[in-house]
Chemist: 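Input: one structure, supplied below.
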Amino acid sequence: MPTKFWLMKSEPDVYSIDDLARDGKTMWDGVRNYQARNFMRDQMQVGDSVFFYHSNAEPSGIAGIAKVASKAYADPTAFDKKDVHFDPKSKKEEPTWFLVDVAFVKKFKNFLSLDDIKKTEGLEGMLLLQKGSRLSVQPVAERHWKVLTQGRRL
DNA sequence: GCCAACGTTGGC
DNA sequence: GCCAACGTTGGC
């Protein structure tokens, strides 16, 4: 598998790095975008590293690190009529939506804000920084991961 | 809360 | 298969 590094977005009001630290592990449910689903279903491997990104936050940015803790399986919230992420088109025999389990690794002592990320050199081409990029699950190039994690007190 | 940039849906 | 209308994301 080519990619071993990922970035996954969550709104901290809904589920933050502190929630993951408390739970230890969580189902990354509610992804309803095909590209994001495909990354989880087709490419993620147990043990892959994940930037836990706080979106729609004050400030937005990378809050810590998590890791992929399961292979992809059907997202149960798609079958649950009472769930906000319910999708009547997804059938149990042939699920539309998938998720992986994500486990807590660390919370950064120094939150890495989007502002900091933008100021960082060597991130040319990083998906997160592309205008209009909204993908909530995205691959991170190894060199970008290194640039962001090395030479910093995180 | 605004709104630009995307993604999806559905009429034709 | 086109594309307008609509819904969502997410920075600001």
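Values reported hereafter were calculated over all heavy atoms of this structure, with side chains retained and with hydrogens, waters and symmetry mates removed.
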Chemist: May I ask you to evaluate whether Tyr53(A) reaches the phosphate of dG11(C), defined as a side-chain N or O under 4.0 Å from OP1 or OP2?
Modeler: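 It does, given that an N or O in the side chain of Tyr53(A) lies less than 4.0 Å from OP1 or OP2 of dG11(C).
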Chemist: Between P on dG10(C) and CD1 on Ile117(A), what's the gap in Å once rounded to a whole number?
Modeler: 14 Å
Chemist: Rounding to a whole Å, what distance do you find between Tyr34(A):OH and dT8(C):P?
Modeler: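 From Tyr34(A) OH to dT8(C) P: 14 Å.
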Chemist: For Asp23(A) and Tyr15(A), does a side-chain donor sit closer than 3.5 Å to a side-chain acceptor?
Modeler: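 Yes, Tyr15(A) and Asp23(A) have a side-chain donor paired with an acceptor closer than 3.5 Å.
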Chemist: Rounded to the nearest angstrom, tell me the gap between atom CZ in Arg134(A) and atom C1' in dC6(B).
Modeler: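 That distance rounds to 4 Å.
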Chemist: Just N and O in the side chain of Lys9(A): are any of them under 4.0 Å from OP1 or OP2 of dG10(C)?
Modeler: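 Yes.
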Chemist: So which one's nearest nucleotide on DNA chain B is more toward 5', Arg32(A) or Lys131(A)?
Modeler: Lys131(A)
Chemist: Is the Trp97(A)-Tyr73(A) ring centre distance short of 6.0 angstrom?
Modeler: no
Chemist: Just the rounded figure in Å: distance from P of dG11(C) to CD of Gln130(A).
Modeler: 14 Å
Chemist: Taking only N and O in the side chain of Lys89(A), is any of them less than 4.0 Å away from OP1 or OP2 of dT9(B)?
Modeler: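 Yes, such a contact exists.
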Chemist: Over how many whole Å does the gap from Leu129(A) atom CG to dG11(C) atom P extend?
Modeler: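 Taking atom P of dG11(C) as the reference, CG of Leu129(A) is at 11 Å.
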Chemist: Gln35(A) has an atom CD; how far is it from atom C1' of dT9(C), in whole Å?
Modeler: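 Rounded to whole Å, this separation is 14 Å.
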Chemist: Going by heavy atoms in the side chains, are Leu114(A) and Leu128(A) under 4.5 Å from each other?
Modeler: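 With C-beta onward as the side chain, the pair touches.
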Chemist: What's the CG-P distance between Leu128(A) and dT9(C), to the nearest Å?
Modeler: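 That distance rounds to 16 Å.
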Chemist: Answer with yes or no whether the side chains of Arg32(A) and Ser136(A) bring together a donor and an acceptor at under 3.5 Å.
Modeler: no
Chemist: Measure the distance from CG on Asn56(A) to P on dC3(B) and round it to the nearest whole Å.
Modeler: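 After rounding, the gap between these two atoms is 16 Å.
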Chemist: Just to confirm, is there a sub-4.0 Å distance from OP1 or OP2 of dG10(C) to any side-chain nitrogen or oxygen of Ser60(A)?
Modeler: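 Indeed not, no polar side-chain atom of Ser60(A) lies that close.
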Chemist: Can you check whether Trp6(A) and Phe39(A) have ring centres sitting under 6.0 Å from each other?
Modeler: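 They qualify: ring centres under 6.0 Å apart.
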Chemist: Of all the nucleotides listed (dG11(C), dG10(C), dA5(B)), which has the minimum atom distance to the side chain of Lys118(A)?
Modeler: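 Among the listed nucleotides, the one closest to the side chain of Lys118(A) is dG11(C).
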